[in-house]
Amino acid sequence: MTDQPAPTRPTPDPPELFTWEFATDPYPAYAWLREYAPVHRTKLPSGVEAWLVTRYADAKQALADQRLSKNPAHHAEPAHAKGKTGIPGERKAELMTHLLNIDPPDHTRLRRLVSKAFTPRRVAEFAGRVQELTDQLIDQFAEKGSADLIHEFAFPLPIYAICDLLGVPREDQDDFRDWAGMMIRHGGGPRGGVARSVKKMRGYLLELIHRKREGLPADPVPGEDLISGLIRASDHGEHLTENEAAAMAFILLFAGFETTVNLIGNGTYALLTHPEQRTRLQDSLAAGETDLLETGVEELLRYDGPVELATWRFATRPLTIGGQDIAPGDPVLVVLAAADRDPERFADPDVLDLSRRDNQHLGYGHGIHYCLGAPLARLEGQTALATLLTRMPDLRLEVDSADLRWRGGLIMRGLRTLPVEFTPTSRAR
């Protein structure tokens, strides 16, 4: 009698990607991909074919692999010229020369220049203004007993914050809010609206940079705004051109505001649907502690972070990721949301644990393209969540979770609306 080989289990049918059902909860599909097709070629809704990288170790390798270029010129197909990759409208608006589209040595030069204007000290000095904006926005709905936390809180907070940091005059900030609102709708507005908003934003930024350059004092002044810092920044005598400064201000706004909208929205939703974790955090805040808030925001970034897929990369020569051969010119998309739930890297990855310590998530990327604005996003996220939970201790969803809708889009993950209710309270002041 001979031993019979154990029967092999049939591979489950692959999940359908990029549907509305997928957008609501992509994590079961990502678990399937990690298990059966960790580097998976698929056709995106735009028609572009790309590789999806879903395991943590492969994702971390890909994010730091210099054979994967950020420059769309390396794409084998002319999809970027048709607006199918990258930020809608950025090519027509001549906003291509920013950190998400370039490689070393240009990336090294521009990042070094921007880093001089976007320092951790500048962000730390901004904490008081972030708290002030947070309280002002909550004041506007505190007495109502209900709110849509996306449109009334999570969206305007980072817009006004980054406008203040950039040095956009207060009287112009509502225009920025309108343009950003069109950009975040991902096709939900009028045809061509995103591209028009990007073009208007570029025109305004160029004019503002020119005005600031003309009136820039010889020496920096305390609290100098970020655009003035970009103009003043130099590297071995080389300054940013006005086009480079405009592209840099644009990407700081674009990359900075939507990630923070989703951090606050996704984070609040996760806390409202995990009452034990939310109570732990509220008790910690009531005791005047900050440790659980800090680890908690990192866990929210890992568990259901604002950036689902890292921005586009293109193979410049043959390479292998996770045993899969990638051809030159192929687009590669690292699925941060899948990598950050990889059981090979995180214990109980589908469990929300605000006190998780071993949490080297990829929510803000890895390598030379690690998010420059991460310290500001963390500051805004911590301030927003702590203030909401403290001022509205009985905050709760106003609708069933099944009635919530997630925005369609390839890179970002965020709710369209987040209706909540609470006991009405008086204004903070």
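E258 places none of its side-chain heavy atoms less than 4.5 Å from the side chain of P306. In this structure, L404 and Y269 have side chains that are in contact, with non-hydrogen atoms separated by less than 4.5 Å. At a threshold of 4.5 Å between non-hydrogen side-chain atoms, the residues D353 and E299 count as touching. Looking at heavy atoms from C-beta onward, P12 lies in side-chain contact with W32 at the 4.5 angstrom threshold. Side-chain contact check for R278 versus L389: some heavy-atom pair is nearer than 4.5 Å. Two residues are said to be in side-chain contact when any heavy atoms from C-beta on lie closer than 4.5 Å; I368 and H107 meet this criterion. Using a 4.5 Å heavy-atom cutoff, the side chains of L385 and T387 are not in contact. At least one side-chain heavy atom of R34 sits less than 4.5 Å from a side-chain heavy atom of R341.
Judged purely by distance below 3.5 Å, without hydrogens or angles, the side chains of D325 and T320 pair a donor atom with an acceptor atom. A side-chain donor-acceptor contact under 3.5 Å links D172 and Y204. Judged by distance alone, the side chains of Q131 and T383 never bring a donor and an acceptor atom under 3.5 Å apart. Using modelled atom types, one finds no donor on one side chain facing an acceptor on the other under 3.5 Å when comparing S146 with E421.
Nearest heavy-atom pair across T259 and M412 is CG2-CE, 3.7 Å. Contact detail for F314 and N71: the closest heavy-atom pair is CD1-O, 3.5 Å. For P349 against Y303, the heavy-atom pair with the smallest separation is O-CD1, 4.4 Å. The shortest non-hydrogen separation linking Y27 to G305 is OH-N, 4.3 Å. G265 and A154 get closest at one heavy-atom pair: N-CB, 4.3 Å. Taking all atoms of both residues into account, the shortest heavy-atom contact from A270 to L300 is CB-CD2, 3.8 Å.
The pair R55-E35 does not meet the salt-bridge criterion, since no charged nitrogen lies less than 4.0 angstrom from a carboxylate oxygen. Salt bridge absent: E125 and R122 never bring a charged side-chain N and a carboxylate O closer than 4.0 Å. Ion pairing between a basic and an acidic side chain is recognised when a charged N comes within 4.0 Å of a carboxylate O; D291 and R357 show such pairing.
When each of N266, L354, L395 is paired with L271, the side-chain contact (heavy atoms from CB on, under 4.5 Å) condition holds for L354 and for no other. A side-chain contact (heavy atoms from CB on, under 4.5 Å) with V335 holds for exactly one of L33, D340, V53, L52; it is L52.
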**OP:** Verify salt bridge (charged side-chain N to carboxylate O under 4.0 Å, His left out) between R391 and D139, making sure each step is shown before the conclusion.
**Re:** CA-CA 10 Å; R391 291 188 57 180; D139 283 349; 2.8 Å; yes
* Verdict with supporting geometry, S355 and R280, side chain to side chain donor-acceptor pair (under 3.5 Å) -> CA-CA 10 Å; S355 59; R280 286 180 64 198; 3.1 Å; yes
- Task: Mind running salt bridge (charged side-chain N to carboxylate O under 4.0 Å, His left out) on R111 and D106 for me, showing each step along the way?
- Result: CA-CA 8 Å; R111 183 159 180 129; D106 289 337; over 6 Å; no
Run H366 and Y56 through ring pair (Phe, Tyr, Trp, His ring centres under 6.0 Å) and show every step you take. CA-CA 11 Å; H366 172 70; Y56 182 92; 8.6 Å; no
Audit row: E298, R378, salt bridge (charged side-chain N to carboxylate O under 4.0 Å, His left out) steps and yes/no:
CA-CA 8 Å; E298 298 309 306; R378 287 185 167 101; 2.6 Å; yes
Discussion item. Between R170 and D164, does the salt bridge (charged side-chain N to carboxylate O under 4.0 Å, His left out) criterion hold? Intermediate values first, please.
Written reply: CA-CA 8 Å; R170 299 282 169 88; D164 276 356; 3.0 Å; yes
Stepwise, does the side chain to side chain contact (heavy atoms under 4.5 Å, CB included) test hold for L206 with L208? CA-CA 5 Å; L206 277 174; L208 181 62; over 6 Å; no
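From Q173, atom CD reaches atom CG of D178 across 12.5 Å, with rounding to the nearest 0.5 Å. With values rounded to the nearest 0.5 angstrom, E16 atom CD is found 7.5 Å from E21 atom CD. Atom CD1 in I138 sits 11.0 Å away from atom CG in L133 (nearest 0.5 Å). Here OG1 of T54 is found 12.0 Å from CG of L333. Values are rounded to the nearest 0.5 Å. Distance CG/L362 to CZ/R345: 9.0 Å, rounded to 0.5 Å. In this structure, the separation between CD on E152 and NZ on K144 is 3.5 Å, given to the nearest 0.5 Å.
With a 6.0 Å cutoff to the six-membered ring centre and a 45° limit on the axis angle, R302 counts as a cation-pi contact of F346. For the pair R416 and W406, the cation-pi test (distance below 6.0 Å, angle within 45°) is failed. Stacking of R396 on the aromatic ring of F422 is not recorded, the 6.0 Å distance cut-off and the 45° axial limit not both being met.
A distance-only check finds a donor-acceptor pair linking the side chain of R407 to the backbone of L415 [under 3.5 Å]. Side chain of Q282 to main chain of P393: a donor-acceptor pair is present (N/O by atom type, distance under 3.5 Å, no hydrogens or angles).
When ring centroids are compared, Y30 and F22 come within the 6.0 Å threshold. Between F176 and Y160, the distance from one ring center to the other does not fall under 6.0 angstrom. Annotation: H369 is not in aromatic contact with Y364 [ring centroid separation under 6.0 Å not met].
By the neighbour-count criterion of 12 heavy atoms within 6.0 Å, atom CD of E289 is densely surrounded, having more than that number from other residues, nucleotides or ligands.
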